[in-house]
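Accompanying notes for the structure given below.
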2 protein chains.
Amino acid sequence: MLKTIFRFGLIIAALLILFELSKASLFIPELSSDVIIALSGAVFVGLGIYVGLKLRKERIVEVTAPVAIDHEQVKTLGLSEREMEVLQLIAEGFSNKEVAEKLFLSESTIKTHVSNLFVKLDVKRRAQAVTKAKALRIIHA
Amino acid sequence: MLKTIFRFGLIIAALLILFELSKASLFIPELSSDVIIALSGAVFVGLGIYVGLKLRKERIVEVTAPVAIDHEQVKTLGLSEREMEVLQLIAEGFSNKEVAEKLFLSESTIKTHVSNLFVKLDVKRRAQAVTKAKALRIIHA
DNA sequence: ACTATTTTGGTACTAAAGTATGAGTGCTAA
DNA sequence: TTAGCACTCATACTTTAGTACCAAAATAGT
């Protein structure tokens, strides 16, 4: 979020600078208004393309190989055994209720585990947790 | 491809029109040069962002394609282009709302796509869809 | 030009998922 | 023995997800 604010701040700053430059240019008699508008238009388009491409970057995904589980990573994140079990089942697409049944626990307990997992993995949703867990190689592909 | 050419044609046409409009505006005394430049700048930035986002689609394939997507599988399942886009974003852990924002669509539309995806993939939940889609190699790991 | 499909969007629900908070149990290391 | 941690479960919400049904556009293909 801060990053986004920073970027937009930069963009606004750039806009202001260009704006001032354009104004100044208007008083240089050698340049016709045509040229000025064309130039500023080109610059603004470039700026827009830059912004558009920046927006793209957030979509790039890490690709992971189907390899062994990184137990170091698990330790570092402080994931408990139960949490790992729950995470694995969630990654297989089971609902909280189904996970609860498989592990002979109440749905409440699963929700607690899942919430704790989200904090430790720094995610907001289970699908995100699954993707991150696979990227970190803490569950089977 | 024709679509792309057509769109870029439109963009160029729009640029020319705006260009002419901007020139004409210079001779309307009510509008200060400040306003004109600001407006045209904003419009050009918008155009640039549009172009940038269009470029994005082609690029992301290059960046995230180390694991080949099984296009045969995609055809067999009858998944449309839009559905694939939505599926990919869901696999990255985004909520329906977030996907809607990224694709400039309403959440309703995303829900429709997601529901259709579930039928085609024969799953009940998004996490399950993600796991199955990865297993079938129809999205990037 | 005319279909078939895709894409988009809406309303109205129901069902899951997720958050916040509290609390009891049991195990273990200081 | 007690402080800390893992595990369990509950209540009470709020928020997303998902289903069902419908319908208007935009596109693609013939």
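Note on naming: letters A, B, ... go to the chains in the order of the sequence lines (proteins, then strands), and numbering restarts at 1 for each one.
Taking each heavy atom of A:Phe118 and A:Arg126 in turn, the nearest pair found is CZ-N, 3.4 Å. Scanning all heavy atoms of the two residues, the minimum distance from A:Gln88 to A:Ile139 falls at OE1-CB, 3.4 Å. Heavy atoms only, all atoms of each residue included: B:Asp70 and B:Ile138 are closest at O-CG2, 4.1 Å. The shortest heavy-atom contact between B:Leu136 and B:Gln73 is O-CG, 3.8 Å.
One can place NZ of B:Lys124 at 13 Å from C1' of D:dA17, the figure rounded to the nearest angstrom. Rounded to whole angstrom, the span from the NZ atom of B:Lys97 across to the C1' atom of D:dT14 amounts to 13 Å. Atom CG in A:Asn116 sits about 11 Å away from atom C1' in C:dT19, given to the nearest Å. C:dT19 atom P lies 11 Å from atom CG of A:Asn96, rounded to whole Å. In this structure, the CG atom of A:Leu117 is 11 Å from the P atom of C:dG18, given to the nearest Å.
Side-chain contact between B:Leu121 and B:Leu87 is present, with at least one heavy-atom pair separated by less than 4.5 Å.
Annotation: side-chain hydrogen bond (donor to acceptor under 3.5 Å, both in side chains) contacts of B:Thr109 (sequence neighbours excluded): B:Ser106. For B:Lys120, the side-chain hydrogen bond (donor to acceptor under 3.5 Å, both in side chains) partners at least two apart in sequence or on another chain are B:Glu83. For B:Val130, the side-chain contact (heavy atoms from CB on, under 4.5 Å) partners are B:Ile90, B:Ala91, B:Lys134, not counting sequence neighbours. Applying the side-chain hydrogen bond (donor to acceptor under 3.5 Å, both in side chains) criterion to A:Glu107, with sequence neighbours excluded, gives no partner residue. Shown here are the salt bridge (charged side-chain N to carboxylate O under 4.0 Å, His left out) partners of A:Lys132, two or more places apart in sequence or in another chain: there are none. With sequence neighbours excluded, the residues satisfying side-chain contact (heavy atoms from CB on, under 4.5 Å) with A:Ser95 are A:Lys97, A:Glu98, B:Arg125.
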Report task. Test A:Leu105 against A:Val86 for side chain to side chain contact (heavy atoms under 4.5 Å, CB included), laying out the working first. Result -> CA-CA 11 Å; A:Leu105 298 175; A:Val86 173; 5.8 Å; no
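Look at A:Ser115 and you won't find any side-chain N or O under 4.0 angstrom from OP1 or OP2 of C:dG18. In this structure, B:His113 does not reach the C:dT7 phosphate: none of its side-chain N or O atoms is under 4.0 Å from OP1 or OP2. A sub-4.0 Å separation between OP1 or OP2 of C:dA16 and a side-chain N or O of B:Arg125 is absent.
The stretch residues 98-112 of chain A touches DNA chain C through A:Lys111, each having a heavy atom within less than 4.0 Å of the strand. Scanning residues 70-95 of chain A for heavy-atom distances under 4.0 Å to DNA chain D yields A:Ser80, A:Glu81, A:Arg82.
Listed by first then second residue, pairs satisfying salt bridge (Lys or Arg N to Asp or Glu O under 4.0 Å) with a partner in residues 85-95 of chain A read A:Arg82-A:Glu85, not counting sequence neighbours.
Axis angle across the helix from C:dT7-D:dA24 to C:dA30-D:dT1, with five pairs used at each end and values rounded to 10°: 50°.
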Requested in this report: Would you mind building the protein contact string for nucleotides 23-30 of chain C? One character per nucleotide, 5' to 3', B for base within reach (heavy atoms under 4.0 Å), S for sugar-phosphate only, - for untouched.
Outcome: --------
